[in-house]
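None of these values were measured; they are calculated from a predicted model.
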Amino acid sequence: MASNDNNRFQAIIAHAKEYGFVFPSSEIYDGLSAVYDYGPWGSELKKNIRDYWWKNMTQMHENIVGIDAAIFMHPTTWKASGHVDNFSDPMIDNKDSKKRYRVDHLVEAYAETLPKEKADEILSNLEKLLANEDFAGVKKLIDDNKIKCSVSGTANWTDVRQFNLMFSTQLGSVAGEADTIYLRPETAQGIFVNFLNVQKTARMKVPFGIAQVGKAFRNEIVARQFIFRMREFEQMEMQFFVRPGTQKEWYEYWREERMKWHLSFGTPKEKYQWHVHAKPAFYADNAVDIEYEFPFGFKEIEGIHSRTDYDLSQHQKFSGKKMQYFDNEINQNYVPYVIETSIGLDRMFLLVLSQAYAEEKWTKEDGTEDSRTVLRLPAKVAPIKLAILPLLKKDGLPEIGREIMKDCRDEFYCFYEEKDAIGKRYRRMDAIGTPFCITVDHQTKEDQTVTIRDRDSMKQERIPIAKLKEIVKAKIKGE
RNA sequence: GCGGGAGUAGCUCACCUGGUAGAGCGACAGCUUCCCAAGCUGUAGGUAGCGGGUUCGAGUCCCGUCUCCCGCUCCA
């Protein structure tokens, strides 16, 4: 990361905290690593992004409906999805090379160098030890065989540790009788297990989609880069169920649709790129990521994956329920194929913030320097849409401002302020990305007009109070 | 997880070779001002990340610990 980009990123983080967007979690207790809270304007911005996505997916698509599944799910869900097997491998680090190995891979590689008899003995030992979760025993096995790191060539190992990427907790309040369950590591499974319910009750016909927004949890080994990689995060996902054989065209369709959505924020195309997976995950037959150029480089913001019929088939197998659809057009039953679009809400928030943040400097007409920090947020997601600022707090101006406030606040988020010089109030509104400010002045009393100031151009025009609401609504929508 | 750097008021920082904390900005209250921060007055806010040690005395020296940042590592 170039140092100026890094400075910019640090400035964005500081700004986010200073102006009530994002706070470190539990900060008075020194914080909790990789967990963050959203403040007054942050929660508003996040909600606006979420709502915009939700409306775009559900209201704007007749064949997509939403659900809100629980974070807790039956433990078998995660066996079926593959998370239990893939998310909990014992690992060991070599202290000299700093290389981390999956224990099974390490021992298997070693066993391959041995005569078959000896190799089988070691591998069956390992299997027993792993089944009993006897990690000390596994360590001893590695030590006894003097298994070496291929990089450093030494046998200087850490203890064997379980890296379970899923958070577990207990269901049931009586200790001992409790069952271990997981906080979901992805929201997708909540959709898959409800496939039959939704298809039937909302009378959906393939192709159709199910959308969901919700929290998911992962015990990231290294979680850093502010809210980019958090242990608790929010996903906006849509699983689109299609007839087998048509997945390719739907995959292409959603690629395009999702990019259109991103560009509707006004972000320049060059800030985005595609990252095609050369080797998609085992369940997918096609996968691409949309990457955005964050201050710390191009990083994944959204994935569009062709998940085949893997998930529904797995649930069919584990639950014994027929996860199928009868297609009248071809008179056939089948397990639908799935195209997934999955975007991180927190990442989208960071994207919007990164894209909006600007420090500006210019020379005023009198030759002195001026500057401001402004969030050029798209008006449709800005926390506050309109600031109402009486030029003076006397001569009846505040009263007029209050009237306007009363009239507008149920249409969009308004903010009233009469303290400090007008320039200072403009700066404060710029800092939190308020796209429009109106001032009430003496002329307002004469002709019922106010000035409206555009955040980005800092230009203002005079408009009638009577038309204010419609003008602001049009401006918000027009973007 | 490893290596390096940093932690003093909300923010940016000062306190030189140890003697019981200051400034600017910001916030708040008020005054002034008819349009883009840095006019005026006043107020609040810090047991110097936390714990221990050395010392008559530590923000300042030593050790530990926590958190954050950078690099590596890891990552469906």
Using a cut-off of strictly less than 4.0 Å, decide whether [X] has a side-chain nitrogen or oxygen near OP1 or OP2 of [N].
X       : N      : value
K419(A) : G30(B) : no
Q443(A) : C35(B) : no
R307(A) : A76(B) : no

Query raised in the report: Within 45 degrees of the axis of the six-membered ring of W261(A) and under 6.0 Å from its centre: does R258(A) put its NZ or CZ there?
Result: yes
Query raised in the report: Can R402(A) be said to sit on top of Y416(A)'s aromatic six-ring, NZ or CZ under 6.0 Å from centre and within 45° of the ring axis?
Result: yes
Distance between the [atom1] atoms of [N] and [M], in whole angstroms?
N      : M      : atom1 : answer
A14(B) : A6(B)  : P     : 12 Å
U41(B) : G59(B) : C1'   : 33 Å
C2(B)  : C15(B) : P     : 33 Å
G4(B)  : C50(B) : P     : 24 Å
U33(B) : G45(B) : C1'   : 29 Å
A27(B) : A38(B) : P     : 11 Å
A76(B) : G53(B) : P     : 48 Å
U54(B) : C25(B) : C1'   : 39 Å

Taking [atom1] from [X] and [atom2] from [N], how many angstroms apart are they, rounded to a whole number?
X       : N      : atom1 : atom2 : answer
L392(A) : U32(B) : CG    : P     : 10 Å
L397(A) : U33(B) : CG    : C1'   : 13 Å
R229(A) : C68(B) : CZ    : P     : 16 Å
R347(A) : C75(B) : CZ    : P     : 15 Å
R8(A)   : C70(B) : CZ    : P     : 15 Å
K299(A) : C75(B) : NZ    : P     : 14 Å
F9(A)   : C70(B) : CZ    : C1'   : 12 Å
E360(A) : C36(B) : CD    : C1'   : 12 Å

Report task. When you get a sec, tell me which of A76(B), C69(B), C36(B) is the closest nucleotide to the side chain of Y36(A)? Result ->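 So the nucleotide nearest the side chain must be C69(B).
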Query raised in the report: In terms of side-chain heavy atoms of L391(A), which of A76(B), C35(B), C36(B) is nearest?
Result: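 Among A76(B), C35(B), C36(B), the one nearest the side chain of L391(A) is C35(B).
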Just checking [X]: does its [atom1] atom have more than 12 heavy atoms from other residues, nucleotides or ligands closer to it than 6.0 angstrom?
X       : atom1 : answer
F298(A) : CZ    : yes
R409(A) : CZ    : no
K317(A) : NZ    : no
K361(A) : NZ    : no

Query - Residue mapping more 5' on RNA chain B - nearest nucleotide basis, T451(A) or R428(A) - result: R428(A)
Query raised in the report: Pick the nucleotide of RNA chain B nearest each of R462(A) and Q189(A); which residue has the one closer to the 5' end?
Result: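 Closer to the 5' end of RNA chain B: R462(A).
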Requested in this report: Could you identify which residues of residues 13-25 of chain A place a heavy atom less than 4.0 Å from some atom of RNA chain B, listed by residue number, or say none?
Outcome: K17(A), E18(A)
Tell whether [X] reaches the base of [N] with its side chain through a donor-acceptor pair below 3.5 angstrom.
X       : N      : value
H83(A)  : A76(B) : yes
R372(A) : C36(B) : no
D430(A) : C36(B) : no

Determine whether [X] and [Y] make a side-chain contact, defined as any pair of heavy atoms from C-beta on separated by less than 4.5 Å.
X       : Y       : answer
K445(A) : D395(A) : yes
L377(A) : P383(A) : yes
T434(A) : R428(A) : no

Report task. Could you tell me whether E234(A) and R50(A) have a side-chain N and a carboxylate O separated by less than 4.0 Å? Result ->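 Between R50(A) and E234(A) there is a salt bridge, with a charged N closer than 4.0 Å to a carboxylate O.
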Requested in this report: Look at R229(A) together with D346(A) and state whether they make a salt bridge at an N to O cut-off of under 4.0 Å.
Outcome: no
Requested in this report: Just say parallel, tilted or perpendicular for the rings of Y357(A) and H15(A), cut-offs at 30° and 60°.
Outcome: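 Because their plane-to-plane angle is over 60°, the rings of Y357(A) and H15(A) count as perpendicular.
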Query - Y292(A) and F294(A) aromatic ring geometry - parallel, tilted or perpendicular at 30°/60° bounds - result: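 Rings of F294(A) and Y292(A): perpendicular, over 60°.
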What does [X] touch in the nucleic acid at a heavy-atom separation under 4.0 angstrom: a base, only the sugar-phosphate, or nothing?
X       : result
R425(A) : nothing
Q10(A)  : sugar-phosphate
K445(A) : nothing

Query raised in the report: Donor-acceptor pair, H74(A) side chain versus T76(A) backbone, under 3.5 Å?
Result: yes
Requested in this report: Go ahead and write out RNA chain B as dot-bracket, 5' to 3': ( ) for pairs within the strand, [ ] for ones crossing earlier pairs, | when the partner sits on another strand, dots for unpaired; Watson-Crick or G-U wobble, both distances under 3.5 Å.
Outcome: (((((((..((((.....[..)))).(((((.......))))).....(((((..]....))))))))))))....
**Report entry** Letter per nucleotide, 5' to 3', of nucleotides 37-45 of chain B [B base touched, S only sugar-phosphate touched, - untouched; heavy atoms, 4.0 Å]
**Finding:** BB-------
